[in-house]
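Just below is one structure, and these are the notes that go with it.
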Amino acid sequence: MWWSNAEILWEDGRFHRGQLHTENGVLVELTDREAPSDAVDLQGRQVWPGLIDLHIHGYAGIYVMEEDAAAPERLSRLLAAQGVTSYVPTTTAGDRETLLRVLRQWAAAAERPSSGAVIRGLYMEGPFLSPRYKGAMREECVCAPELRLAEEFRTAAGGWLRLMTVAPELPGAEPLLQWCTAHGIIAAIGHTAADYETARAALAGGVSHVTHLCNAMADMTHRAPGVLGAVADSTATAELIGDGFHIHPSVLRLLYHLLGEDRMILISDNTPISGSPDGEYLMDGVKSIVRDGTCRLENGTINGNMQPLLACVFRMADNGIPLTSAIRMATEMPARRLGIADTVGSLAVVRRADFAVLNPDRTVARTVVCGQTVYSV
């Protein structure tokens, strides 16, 4: 199939006027030569690689933690409408039985064909977190690292467990982080009270990723640089919630200059409340209040991000980050982090034909997964 008359973001990081040619779900040609007369006319719209949401708990009433066999397919279709073609369902902290059930449910979903965005792995954000920096997580569900429990989680996930957040200062954290590395699970620092030295030791010992940098961790000061300082002195990748609320725009710009787009991964950190109008909502039995674009617990703690990943990309651009860099942070960089960049994350010959077509008003006109349109208006 040919797709013509588009502004296409090529692998070189620039937009080029031209055409795409797909066959059997793969990009076989990106060209500026004339397309066949039966090509799909994209009417000058931008074409981006499909977005990859590395960290998402749910959206618009759908919650990864709830027992609902239909939830994965519904979420996949909702995300496709936002230009997302791949995602990693992410747990919150829960009790043992709930987490085992959730992992089995979403691992089974990952094995099935999808009519929307594709599941690329599972992410456990908990339960091995600091009670002090639990954020919106339920305190009764966070606990010290335990290898036997982690092994149960890995078994339940059936080979789909890709990332696990651990507070490195907790008793038992070091052997758990080593266990993650030994089993091909990306160990991430997050929800942590770790100081610079503790975080630096974890990063030097094999940890290579940070869960939503700056959030749910001690603030950096000039004498206590904390996790942020340790990340700056490492080669680790870092997730960022780019909604403009979780991190001040000035700090987002600072992090862009400090880490560069090669180490920054935009995430949505969406929850089942995301996408909802102002009002009061229950999540995990706890009240959250949505007002003026943010969701907070009654004590003021931010509970996830209200905007989809696409909106975060544009918010980054509005706050001074080059648009092409922001797109790369939500496409190629998560693909690299997951080890699938040879297949998805950029538009190049022999890559999978996963892409989003954007209207001038920043809405999605069409989303294509493996060469097939899964969303269009």
Side-chain angles (χ1 to χ4, degrees), residues 13 51-55 125 130 132-133 135 163 165 167-168 186 188-204 207-270 292-296 300-337:
L51 301 179
I52 301 174
D53 201 337
L54 187 75
H55 182 146
E125 189 185 6
S130 164
R132 181 180 172 189
Y133 287 95
L163 302 100
T165 303
I186 299 165
I189 293 176
H191 288 273
T192 174
D195 58 16
Y196 171 85
E197 288 74 18
T198 302
R200 186 78 181 100
L203 291 165
V207 175
S208 60
H209 190 64
V210 180
T211 300
H212 45 55
L213 184 62
C214 297
N215 295 113
M217 58 187 63
D219 291 334
M220 178 184 187
T221 73
H222 63 292
R223 290 195 181 95
V227 174
L228 179 52
V231 172
D233 288 342
S234 76
T235 59
T237 52
E239 301 168 7
L240 296 168
I241 306 171
D243 61 352
F245 298 107
H246 279 79
I247 305 174
H248 191 281
S250 178
V251 178
L252 287 171
R253 290 188 292 271
L254 178 65
L255 291 172
Y256 176 70
H257 291 295
L258 180 66
L259 302 179
E261 63 189 72
D262 286 345
R263 295 175 58 196
M264 297 170 66
I265 297 174
L266 282 181
I267 61 168
S268 73
D269 196 28
N270 284 153
D292 299 330
T294 64
C295 178
R296 297 179 183 270
T301 300
I302 296 179
N303 181 17
N305 162 35
M306 292 299 295
Q307 303 300 318
L309 183 58
L310 177 64
C312 292
V313 172
F314 282 120
R315 182 65 63 87
M316 292 286 282
D318 291 341
N319 286 323
I321 308 300
L323 176 61
T324 53
S325 294
I327 295 170
R328 190 163 177 253
M329 294 175 204
T331 55
E332 183 181 348
M333 297 320 301
R336 284 195 191 182
R337 179 68 279 181

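Note that these values count all heavy atoms, side chains included, but never hydrogens, waters or copies made by symmetry.
In this structure, T235 has no side chain to side chain contact (heavy atoms under 4.5 Å, CB included) partners at least two apart in sequence or on a different chain. Applying the side chain to side chain contact (heavy atoms under 4.5 Å, CB included) rule to L254 yields no partners; only residues at least two apart in sequence or on another chain are considered. Residues forming a ring-ring contact (aromatic ring centres under 6.0 Å, His included) with H191 (at least two apart in sequence, or on another chain): H212. By the side chain to side chain contact (heavy atoms under 4.5 Å, CB included) test, I186 is found to be paired with L163, S208, H209, R337, residues two or more places apart in sequence or in another chain being considered. Checked against side-chain hydrogen bond (donor to acceptor under 3.5 Å, both in side chains), S130 has no partners two or more places apart in sequence or in another chain. Qualifying side-chain hydrogen bond (donor to acceptor under 3.5 Å, both in side chains) partners for R336, counting only residues two or more places apart in sequence or in other chains: E332.
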Without placing hydrogens or testing angles, list every side-chain donor-acceptor pair under 3.5 Å for residues 262-270, not counting sequence neighbours.
unit_1 : atom_1 : unit_2 : atom_2 : d
D262   : OD1    : R328   : NH1    : 2.4
D262   : OD1    : R328   : NH2    : 2.9
R263   : NE     : A236   : O      : 2.8
R263   : NH1    : S234   : O      : 3.1
R263   : NH2    : V231   : O      : 2.7
R263   : NH2    : S234   : O      : 3.1
R263   : NH2    : A236   : O      : 3.0
S268   : OG     : D53    : OD1    : 3.4
S268   : OG     : D53    : OD2    : 2.6
S268   : OG     : N270   : N      : 3.1
S268   : OG     : N270   : OD1    : 3.3
D269   : OD1    : H55    : NE2    : 3.1
D269   : OD1    : H57    : NE2    : 3.1
N270   : ND2    : S274   : OG     : 3.3
N270   : ND2    : N305   : O      : 2.8
N270   : ND2    : Q307   : O      : 2.9

Which side-chain N or O atoms in residues 194-202 pair as donor and acceptor under 3.5 Å with protein atoms at least two apart or in another chain?
unit_1 : atom_1 : unit_2 : atom_2 : d
D195   : OD1    : E197   : N      : 3.4
D195   : OD1    : T198   : N      : 2.9
D195   : OD1    : T198   : OG1    : 2.8
Y196   : OH     : D233   : OD2    : 2.7
R200   : NH1    : D233   : O      : 3.4
R200   : NH2    : D233   : O      : 3.0

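The shortest non-hydrogen separation linking I189 to P168 is CG2-CD, 3.9 Å. E239 and T211 get closest at one heavy-atom pair: OE1-CA, 3.6 Å. A pairwise comparison of heavy atoms in I302 and G304 identifies CG2-O, 3.4 Å as the closest pair. For A326 against V313, the heavy-atom pair with the smallest separation is CB-O, 3.7 Å.
Listed by first then second residue, pairs satisfying side-chain hydrogen bond (donor to acceptor under 3.5 Å, both in side chains) with a partner in residues 317-326 read Y256-S325, E261-S325, D318-R362, not counting sequence neighbours. Pairs passing the ring-ring contact (aromatic ring centres under 6.0 Å, His included) check and including a residue from residues 216-242, sequence neighbours excluded, do not occur.
For the atom pair SG of C312 and CE of M306, the computed distance is 12.0 Å after rounding to the nearest 0.5 Å. Of the inter-residue distances, the one linking N303 atom CG with R296 atom CZ reads 10.5 Å to the nearest 0.5 angstrom. Expressed to the nearest 0.5 Å, how far OH of Y133 lies from OG1 of T192 amounts to 8.5 Å. If you take CG on L309 and CD1 on I241, they are separated by 11.0 Å, rounding to the nearest 0.5 Å. Between atom CG of residue L213 and atom CD1 of residue I247 there is a gap of 6.0 Å, rounded to the nearest 0.5 Å.
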Apply side chain to side chain contact (heavy atoms under 4.5 Å, CB included) to C214 and V227, showing your working.
CA-CA 8 Å; C214 297; V227 174; over 6 Å; no

T237 vs L259, test: side chain to side chain contact (heavy atoms under 4.5 Å, CB included). Steps then yes/no.
CA-CA 9 Å; T237 52; L259 302 179; over 6 Å; no

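Proximity of M217 to V210: side-chain heavy atoms (C-beta onward) are separated by under 4.5 Å at one or more points.
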